[in-house]
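Worksheet for the structure shown next.
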Amino acid sequence: MKKLIVLLTDYGYRDPYVGVVKGVIKSINPEAEVIDLTHGVERHNILEAAVILAVSAKYFPRNTVFVVVVDPGVGSSRRSILIETSNYILLGPDNGCLTLLAEQDGVKRVFDISNSKYKLPEVSYTFHGRDIFAPVAAWISKGVPLEEVGEEISYSEIVKLTFEKPIVNERDKSIKATVVYIDVFGNIMTNISNMDLSKLNPSFGSKINIEAGASIHTCVFEASFSRVPEGELACYINSWGYFEIAVNKGNAAAKLRVKQGDGIVIKQVEQLVDNT
Amino acid sequence: MKKLIVLLTDYGYRDPYVGVVKGVIKSINPEAEVIDLTHGVERHNILEAAVILAVSAKYFPRNTVFVVVVDPGVGSSRRSILIETSNYILLGPDNGCLTLLAEQDGVKRVFDISNSKYKLPEVSYTFHGRDIFAPVAAWISKGVPLEEVGEEISYSEIVKLTFEKPIVNERDKSIKATVVYIDVFGNIMTNISNMDLSKLNPSFGSKINIEAGASIHTCVFEASFSRVPEGELACYINSWGYFEIAVNKGNAAAKLRVKQGDGIVIKQVEQLVDNT
Amino acid sequence: MKKLIVLLTDYGYRDPYVGVVKGVIKSINPEAEVIDLTHGVERHNILEAAVILAVSAKYFPRNTVFVVVVDPGVGSSRRSILIETSNYILLGPDNGCLTLLAEQDGVKRVFDISNSKYKLPEVSYTFHGRDIFAPVAAWISKGVPLEEVGEEISYSEIVKLTFEKPIVNERDKSIKATVVYIDVFGNIMTNISNMDLSKLNPSFGSKINIEAGASIHTCVFEASFSRVPEGELACYINSWGYFEIAVNKGNAAAKLRVKQGDGIVIKQVEQLVDNT
């Protein structure tokens, strides 16, 4: 099957950066197919790119080449790397943006992209998406073997993203967690997986307290945000399999005043069981 | 001819939602071609999506599969439907977003998308674009017969969009109309068609009064907004065939303080004919 | 090789304009491949479009068809033109948006797109991207000879963009220049090319004064902005080969209060050479 190239960057949609990256790819491999995962990553937000890549990859065909360019260190001495995982090929700067997916999918080999043969003849200091990642992705989509891009290095040598695991306290039915992504609607995605939440095992309609900063908000656990009245808080397992807080037709991040990286605590509200 | 899949959503460009929808499509049918109509529909604005679909469809090849996901009721009990029209195949939630085009193009058959065979194995409560509409569109683009997606239902059973017709008063040369779309430039598109306007039959250069809220604005009827000086109001039949009000190099919606759904009245200014 | 069609417009991403342009292209030539250079050009900013086209084109394959629609004069009497250059085919309004690239790449022939055979049957007054440029581009990508689109005209007849050259003063080591592009990050690109700057020949780490309006800012000349501490000004040759001013992880245009078209003066700060 033809290899797909998927782009994930913080280039935005105003400038010609993404278009030029595609021009380079099509100049090398006219048969390549390119899909935009998004170019709306917050500028220089490596964690955001890493989370997006980790939750999205499984919806793409095997052997897809993912090119991630969120690269505050472009022009410094950071390496450009390629990670071969069980199912995918990942290209990006050595700053951790690839490692959440890599560890989840299973690392096979890592390469330092040092072979100038597959880069553009002139590599600028500030646009490696165009000069390094686009041409290397295009050559790989054309069948160049991965080991051609540079010397193999150990996974232990590269930068990892520290991504704290949530701490479940089964005794008081609480989970200490982190906000990992806030989408354009203001929905708050946490690092609490479906599996983590199953230790509290809330039923639909039960209440959960969210401690964010100095305030506590009570919200109903539901199948989705559309089950609560407009303007009210709901929490649920989102479509990626993570615990999320939303306001039906509103903005939860604004209401709770949280941002990506913030710690929150969720706690099941005790149900008074009436045994009379 | 290969079927094209066209996406129209309110997902925006910041999050990976659109990219993942394409990943699902390419995973099922690597040969599918996907075009973005726009993902900039205002969040949950069903009328906006319906208008965009109705004016745009005729510029696409016959048999194009349109996937419309503007879906405030996702996760509730609303159905997912497929409408076969004379020229196209329409997929979306049963909330009216498809019906303006369907009635204009002619309804052939309607199906409730209930067959789980063509959905993703796990259907989330909040992302039916990925879990239902993308895979069903991909299978259809691969040749799966429409009746495979679920049981046929009657067009009378589905939700329609009420879209008031303009009221032409030929005696006082006025039309009572509705603002149906405001584009990014602030141009105000009404539901007055070329045909409706022909009953007033204004000539280029004649004046038309626009009553919007408590104020009346006089503007010149022209072939296009570029025929009036910068900063001035013009009205004209727009490129979709509807009566539109614009400010040359300015923002008419801001100037007239109107928004989508507002009623306005247009009235031809009497021409004093000098018969001396 | 199959001809690529590349779109560059100020249509933005909210409305269905770009999607419909692609629908027209695919209706005429289902095999056409379309790439978005960007649709984020500032509304009616012809210079911005011209600069983007001029710096981007060389990253696309030979024979690429570029369609540029930044067209404040749509609906007036301005012509629609096609310019064949040494490597590319350029389509757009006759307002100068194509001429920076045309002069840089070498003009071969110019045509007035007057043959209605390759336009849509009904040409609107306000959407020539859909009614003229999209169908003509599609027919050309299908092999229609260029001379079919209309009568050949002289390059001297069309509107050129006046684009001032920087003035280098080698005596006092200064260059009088113009801001030609400000990207979404606020990086300030000038019209000073690598070649122009070589007459001053600053070394990495040396200081350059930037006079913008009434203020003077000193910044360090580096290989890239990432070589200076966060929040500080750097200047460097950008990835397109032009002198640019940026703030590492900040917004230089906001800091210097400059906008596109502004004049600035850069001046090398004298180095006191210590010969003791």
Heavy-atom distances under 4.5 Å only: say whether A:Leu120 touches chain C with side chain, backbone, both or neither.
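The side chain, not the backbone.
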Check the surroundings of atom NZ in A:Lys160: do more than 12 heavy atoms from other residues, nucleotides or ligands lie under 6.0 Å from it?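 Yes, enclosed.
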Worksheet entry | Pairs of heavy atoms under 4.5 Å with chain A: top-ranked of C:Asp36, C:Asn248, C:Thr38, C:Thr64 |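 Top option by heavy-atom pairs under 4.5 Å: C:Thr38.
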| message | Looking only at heavy atoms and a cut-off of under 4.5 Å, which of C:Tyr59, C:Tyr181, C:Tyr13, C:Tyr236 has the most pairs with chain A? | response |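 Ranked by contacts with chain A, first place is C:Tyr59.
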Handout entry: C:Arg43 and C:Asp71 ion-paired at < 4.0 Å
Key =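 Salt bridge: no.
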Practice item. Indicate the ring-plane relationship of C:Phe185 and A:Tyr17, choosing parallel, tilted or perpendicular according to the 30° and 60° boundaries. Key: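 Answer is parallel, since the angle falls under 30°.
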Which bit of [X] is near chain A, if near means a heavy-atom gap under 4.5 Å: side chain, backbone, both or neither?
X	answer
C:Glu244	neither
C:Asp183	both
C:Ile35	side chain

**OP:** Check the side chains of A:Arg14 and A:His39 for a donor-acceptor pair under 3.5 angstrom, ignoring hydrogens and angles.
**Re:**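 Side-chain D/A pair, A:His39 to A:Arg14: absent.
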Cation-pi geometry met for A:Lys119 and A:Phe133 (6.0 Å, 45°)
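Output no; distance or angle outside limits.
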